[in-house]
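Here the structure is a predicted model, which is why all the values come from computation and not from measurement. Residue numbers begin at 1 in each chain, while the letters A, B, ... track the order of the sequences.
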Amino acid sequence: MGSFSGDSAYSGLRFDPVLAINRLFRSEVPMIFRWTQQLIPTLREVPGEAEIPSHQWMLRAGLIRKLGAGLYTFLPLGLRSLRKVERIVREEMDRAGALEVLMPALQPPEIWQQSGRYKAAAEVLFKVEDRAGREWLLGPTHEEVITTLVANEINSYRQLPRNFYQIQVKFRDEIRPRFGLMRAKEFIMKDAYSFDATDEGATISYQKMYEAYTRIFQRCGLKTIVVEADTGVMGGKFSHEFVVPADTGEDEVAYTDSGRYAANLEKATSRGPVEPTPSVTTGPAPEKFATPGVTTIEDLAAEPHRVPAHQQIKTLVYIADGKTILALLRGDDQLNEAKFAAAAGTTLFRPATAEECHAALGAHPGSLGAVGVKNVTVLADTLLREARGMVTGANEDGYHLRHVDAARDLAITGWHDLRTVRADESSVETGEPLRIRRAIEVGHVFKLGTKYSEAMNARFLDTDGQQKPCIMGCYGIGVTRTLQAVIEQNWDANGILWPIAVAPVEVEALAINAQHAPSVEAVERVAAELSAAGIDVLLDDRDERAGVKFKDADFVGAPIRLSVGERSLAKGEVEIKLRRTGAVEFVPVADAVNRIRALVAEQWASLKEVGAVREQ
RNA sequence: CGGGGCGUGGCUCAGCCUGGUAGAGCGCCAGCUUUGGGAGCUGGAUGUCGUGAGUUCAAAUCUCACCGCCCCGACCA
């Protein structure tokens with residue numbers, strides 16, 4: 001007992017820099033979690049339902065359990081980590097001057113009709129009926145709600161700017177929930193909405209969120225990259241995504257090694273394909289030639305025709321808002337649907353069926369072309385602007401046309417960037433080769449403009465006495481997804497390697513032999529002192545063999561493990577092991593608390609060195 | 001929704017092809033032994049074999065329908 005009494009700094013009565021740093025980031029009132037009083041159902045075997053490491057570890061470490069596809073219960077340990085992420089998000093949003101609110105998850109469909117998204121976002125909307133048969137929506141996001149609020153409550157430029165946020169459950173009728181929390185039907189999101197009087201103000205609001213996001217992910221111990229992104233159904237002017245590179249990600253991003261360019265593949269541009277587009281006229285007019293059985297770009301590139309893909313014009317037929325639209329690309333390019341949506345001015349489009357193609361152009365896919373087509377919107381990729389001597393379908397099954405000069409022979413409605421960039425193309429700014437890889441989107445910032453404020457009538461009276469729509473931004477973080485992304489980025493063969501800021505507990509303590517009273521007594525005492533010092537501890541007090549407790553400790557992944565064994569205790573020592581590095585040290589029992597506090601402080605400090613790698 | 005796969009005790013899975021009335025390992029309960037990386041022995045509990053219909057003397061097994069789950073694609077934080 002006496003050996004611990006000198007260690008009274010944990011009482012908090014004395015200034016203590018370690019404790020001070022710790023408190024800066026502290027998530028919850030510290031306490032000891034006793035394994036035997038908890039629900040921590042670890043799994044020895046890999047559950048069949050989980051495919052990716054983070055999902056497997058969340059189940060195996062006893063953090064979550066599935067109720068149904070895309071529906072998960074957070075168990076106590078998982079919830080602790082989730083709360084820590086939320087806490088970080090709150091602190092940084094508050095720091096950035098955003099105001100926390102809480103909006104209803106259940107929303108009236110009228111406001112969605114008003115914004116035009118009742119149809120535009122119809123696919124993800126959960127609809128429910130009340131007893132009177134009236135329809136309601138389970139909110140997938142809250143632009144309509146917040147803008148309605150602002151329309152009612154904000155009238156003057158004097159009340160601007162304002163930024164409102166909430167942390168709340170969202171519902172999306174995902175076509176296919178996947179990967180545990182990564183894409184769920186129900187998930188927790190932090191969503192924020194800024195309202196400004198001026199465009200410059202809106203840009204400042206945007207930058208504040210950008211900076212807040214950088215700090216948030218850094219504090220979570222998550223390495224993110226920031227990419228330019230498409231605005232999609234959200235509408236708006238520009239946006240950035242915070243993504244976590246991971247092979248299991250659902251986004252594809254293009255970037256350069258220097259980090260000077262990074263963009264979502266939906267948005268990415270380049271100096272063009274490595275193979276230049278033919279630009280020499282080969283004949284005075286298109287000439288039809290027979291191509292029996294040729295229905296693909298590859299067929300035409302092969303014997304006997306041998307027209308390289310990049311010398312072909314690919315003609316795609318889409319039905320957009322009920323109208324037929326042709327999209328023309330170089331034969332070796334893929335249509336970028338996000339770019340197409342922007343060019344077509346709608347997100348409601350689909351590829352035409354073979355029958356619709358025939359009705360519109362007189363031929364089936366494989367023989368389609370735009371030569372001679374009139375009264376149909378034709379969107380062409382800018383690469384084709386100077387294209388000459390090209391080959392394309394003749395709109396007659398089994399025939400193609402050669403000597404096609406795009407500008408001369410095609411009635412183009414508009415030239416747009418429609419192609420998807422490919423790896424190794426040169427970046428526009430620096431000429432560096434583009435890399436492409438998968439990534440998980442964890443945060444997204446949009447500069448929205450006035451789309452919603454105009455639709456919902458959120459206007460303010462400006463200094464000049466004029467009514468003007470608020471200029472909006474919106475900013476989302478997938479909180480539950482972020483939590484899983486942290487795991488996806490921090491695990492090894494034995495379990496989770498939590499960054500300390502979001503670890504369910506900072507320290508796990510155990511007695512190697514639960515039957516050995518002095519060990520148990522020592523570990524209890526150190527755990528109590530750690531807890532009193534503001535460090536949260538999971539005490540594995542089960543009467544299990546050492547191996548079992550070690551395995552579970554590795555699963556759960558507390559950054560620091562304290563083990564008290566009969567042998568070392570005989571020498572007056574305990575063992576401290578770092579989960580991430582595996583480094584082991586033995587320290588005198590009396591020094592254990594101070595040593596662990598120093599290690600905890602070290603780990604908190606190291607969080608400042610990771611984080612978003614790209615500055616605006 | 002299109003394509004593929006799977007539903008058998010809490011978990012991982014065998015049994016199904018070739019119908020005969022349900023198994024293994026782990027976990028769980030009790031006891032003894034053991035105690036620094038998922039212990040050993042003994043005894044024990046736990047299954048409407050996803051649901052429904054059909055074929056059959058007999059269905060986990062064959063047929064049909066439905067439901068659920070997982071993976072690939074379109075969608076998204």
Between the protein and nucleotides 5-9 of chain B, list the N/O to N/O atom pairs that are separated by less than 3.5 angstrom.
none

Separation of the P atoms in B/rU61 and B/rA65, to the nearest angstrom: 16 Å
Partners passing salt bridge (charged side-chain N to carboxylate O under 4.0 Å, His left out) against A/Glu100 (at least two apart in sequence or in another chain): A/Arg90
Test ring-ring contact (aromatic ring centres under 6.0 Å, His included) applied to A/His416 - qualifying residues, sequence neighbours left out: none
Within 6.0 Å of CD in A/Gln334, more than 12 heavy atoms from elsewhere: no
Sugar-phosphate, base or nothing in reach of A/Lys577, heavy atoms under 4.0 Å: base
Quiz item: A/Arg561 side-chain donor-acceptor pair to B/rG36 base, under 3.5 Å: no
Assigned partner base of B/rA74, Watson-Crick or wobble definition, under 3.5 Å: none
base_contact_polar (B/rG36 base, A/Ser568 side chain, donor-acceptor, <3.5 Å): yes
Residues in side chain to side chain donor-acceptor pair (under 3.5 Å) contact with A/Glu508, at least two apart in sequence or another chain: none
Salt bridge (charged side-chain N to carboxylate O under 4.0 Å, His left out) involving A/Arg545 - partner list, sequence neighbours excluded: none
Are there any protein N/O atoms within less than 3.5 Å of an N/O atom in nucleotides 28-35 of chain B, and if so, which ones and at what distance?
from	atom 1	to	atom 2	distance (Å)
B/rU34	O2	A/Arg545	NH1	2.7

For A/Lys185, all residues meeting salt bridge (charged side-chain N to carboxylate O under 4.0 Å, His left out), sequence neighbours excluded: none
Pair assignment for B/rU21, Watson-Crick or G-U wobble, requiring both distances under 3.5 Å: none
Test salt bridge (charged side-chain N to carboxylate O under 4.0 Å, His left out) applied to A/Lys66 - qualifying residues, sequence neighbours left out: A/Glu49
Qualifying ring pair (Phe, Tyr, Trp, His ring centres under 6.0 Å) pairs, either residue in residues 564-589 of chain A, two or more places apart: none
Interface with RNA chain B, restricted to residues 60-72 of chain A and to heavy atoms under 4.0 Å: A/Lys66, A/Gly68, A/Ala69
Integer angstrom distance from the C1' of B/rU63 to that of B/rC29: 43 Å
ring-ring contact (aromatic ring centres under 6.0 Å, His included) against A/His55, all qualifying residues, sequence neighbours excluded: A/Tyr72
For A/Phe340, ring-ring contact (aromatic ring centres under 6.0 Å, His included) partners two or more places apart: A/Tyr318, A/Phe349
